[in-house]
2 protein chains.
Amino acid sequence: MGEKELRKSMAVFPIGTVIRLTGLTARQIRYYEEQELVFPKRSEGNRRLFSLNDVDRLLDIHDFLKDRFTMADIRQYYALEKEKQQRKEQEMTDRQVRRLFQDELLSESGLSNPTVNSHNLR
Amino acid sequence: MGEKELRKSMAVFPIGTVIRLTGLTARQIRYYEEQELVFPKRSEGNRRLFSLNDVDRLLDIHDFLKDRFTMADIRQYYALEKEKQQRKEQEMTDRQVRRLFQDELLSESGLSNPTVNSHNLR
DNA sequence: TTTCCATGTTAGAAAACCTAACATGGTTTG
DNA sequence: CAAACCATGTTAGGTTTTCTAACATGGAAA
């Protein structure tokens with residue numbers, strides 16, 4: 001995860017800030033969490049902490065609702081999105097594994113400097 | 001001001017978040033404000049609200065202090081920065097005024113379509 | 001040494017947030 | 001239609017967070 005995505009996923013906003021940022025009410029935000037559509041972290045004292053991604057998602061949820069989708073619909077939508085994302089990530093690691101394997105072959109066959117593997121470079 | 005700078009100057013973080021983000025103590029943060037080095041906004045209920053720019057500045061201030069600069073030094077430094085910035089902005093508006101003036105001349109002399117001024121294009 | 005400077009600590013009050021419960025006005029659904 | 005459901009409003013009582021103000025402290029400067 002890059003620096004930018006990391007910043008966007010940092011849980012830093014208490015609910016009051018999110019209310020100002022989104023125009024939603026506390027009730028709505030808490031209900032969306034109860035419905036497992038967003039997953040804010042918690043402070044030591046149990047106060048909700050939202051990330052920028054959470055804020056985006058809250059706005060998306062509200063748009064869906066305005067378009068007369070139900071919470072269950074939205075939950076399912078995000079479940080599918082998550083699966084897609086996970087397949088993508090699996091593809092990435094598969095590719096990395098193949099690359100590692102290839103490196104091994106190269107170094108063992110003596111075609112490459114045996115003390116240096118390409119995936120260690122940079 | 002572009003969209004990005006606008007986001008960075010939005011006062012959205014309560015002090016607790018800033019504490020987590022910077023590692024500074026509440027005492028330090030409040031003292032830096034008392035010394036007029038940062039200027040957080042206030043919520044309706046009088047709680048401090050910081051922007052990302054404020055967070056950056058707090059970290060900078062702390063670095064200056066670690067380098068044994070005094071608050072007065074830092075205050076002066078930022079005063080100079082501000083002047084520089086203001087001169088720059090004045091330059092910009094001067095340039096705009098000259099351009100507007102030029103446009104007027106052109107349109108009145110009939111060299112340009114009188115119903116369209118170039119600074120209105122795009 | 002005395003003073004100053006940046007920060008720690010404490011106390012009491014107010015704001016913000018928490019959960020849980022009940023209320024309500026539109027949908028669906030039987 | 002009546003009953004059930006859904007998204008949201010409202011209220012109450014309790015906890016956490018933040019506020020200001022004041023006094024304490026250790027190291028640097030005068």
Side-chain angles (χ1 to χ4, degrees), chain A residues 10-79, chain B residues 10-79:
Chain A
M10 264 182 74
V12 292
F13 301 106
I15 200 170
T17 299
V18 176
I19 288 171
R20 288 180 215 110
L21 251 32
T22 62
L24 299 176
T25 67
R27 185 65 168 99
Q28 288 174 305
I29 296 169
R30 295 197 189 109
Y31 187 54
Y32 299 169
E33 180 191 24
E34 188 183 318
Q35 293 293 311
E36 307 191 81
L37 298 178
V38 270
F39 307 92
K41 300 279 179 297
R42 295 289 178 133
S43 76
E44 285 190 18
N46 197 37
R47 269 85 240 275
R48 270 167 265 257
L49 290 177
F50 297 82
S51 69
L52 275 179
N53 283 337
D54 291 331
V55 171
D56 277 352
R57 183 183 274 226
L58 285 170
L59 290 171
D60 287 342
I61 293 168
H62 194 235
D63 283 345
F64 277 131
L65 288 171
K66 276 194 293 196
D67 292 345
R68 329 216 61 262
F69 286 97
T70 172
M71 300 254 166
D73 298 336
I74 304 172
R75 195 160 41 239
Q76 191 148 6
Y77 167 78
Y78 281 123
Chain B
M10 262 182 74
V12 292
F13 301 107
I15 199 169
T17 298
V18 176
I19 288 170
R20 290 181 213 108
L21 251 33
T22 62
L24 300 175
T25 67
R27 185 66 167 99
Q28 288 174 305
I29 296 168
R30 295 198 190 108
Y31 188 53
Y32 299 170
E33 180 191 23
E34 188 183 318
Q35 294 293 311
E36 305 188 84
L37 298 178
V38 270
F39 307 92
K41 300 280 178 295
R42 295 288 179 133
S43 76
E44 283 191 20
N46 197 37
R47 270 85 239 278
R48 273 168 261 257
L49 290 176
F50 298 82
S51 69
L52 275 178
N53 283 336
D54 291 332
V55 171
D56 278 352
R57 183 181 273 224
L58 284 169
L59 290 171
D60 288 342
I61 292 168
H62 195 235
D63 283 345
F64 277 130
L65 287 171
K66 276 194 294 198
D67 292 344
R68 331 214 60 262
F69 286 97
T70 173
M71 299 255 167
D73 298 336
I74 304 172
R75 196 161 40 239
Q76 191 147 6
Y77 167 78
Y78 282 123

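In what follows, every chain begins at residue 1, and chains take the letters A, B, ... in the order their sequences are listed.
Checked against the 6.0 Å centroid threshold, B:F64 and B:Y77 count as a close aromatic pair.
Between A:R27 and A:R20, the one whose closest nucleotide on DNA chain C sits nearer the 5' end is A:R20. Between A:T70 and A:G45, it is A:T70 whose nearest contact on DNA chain D lies nearer the 5' terminus.
For the pair B:T70 (side chain) and B:D73 (backbone), a donor-acceptor distance under 3.5 Å is absent.
B:F13 and A:F13 have parallel rings, their planes meeting at less than 30° on a 0 to 90° scale where 60° marks the start of perpendicular.
The distance between atom CD of B:E33 and atom C1' of D:dT18, rounded to the nearest whole Å, is 13 Å. Regarding B:L65, its CG atom lies at a distance of 17 Å from the P atom of D:dG27, rounded to whole Å.
Taking 4.0 angstrom as the limit, B:Y31 places none of its side-chain polar atoms (N or O) nearer than this to OP1 or OP2 of C:dT7. Remark: B:S43 is in phosphate contact with C:dA16, judged by side-chain N or O atoms under 4.0 Å from OP1 or OP2. Taking 4.0 angstrom as the limit, A:Y32 places a side-chain polar atom (N or O) nearer than this to OP1 or OP2 of D:dT8.
Checking D:dA7, C:dC18, C:dC5 against the side-chain heavy atoms of A:R48 singles out C:dC18 as nearest. Taking only side-chain atoms of B:R42, from C-beta outward, the nucleotide of D:dT8, C:dC5, D:dT20 with the closest atom is D:dT20. Side chain of A:H62, nearest nucleotide from C:dT19, D:dT8, D:dG14: D:dT8. When the nucleotides D:dG9, D:dT8, D:dC19 are ranked by their closest atom to the side chain of B:N46, D:dC19 comes out on top. Among D:dT8, C:dA16, C:dT7, the nucleotide with an atom closest to any side-chain atom of A:R47 is C:dA16.
Under 4.0 Å is where a charged nitrogen must lie from a carboxylate oxygen, and between A:K66 and A:D63 at least one such pair does.
Nucleic acid contact for B:R68: sugar-phosphate only, since backbone atoms but no base atoms lie under 4.0 Å from a heavy atom of the residue.
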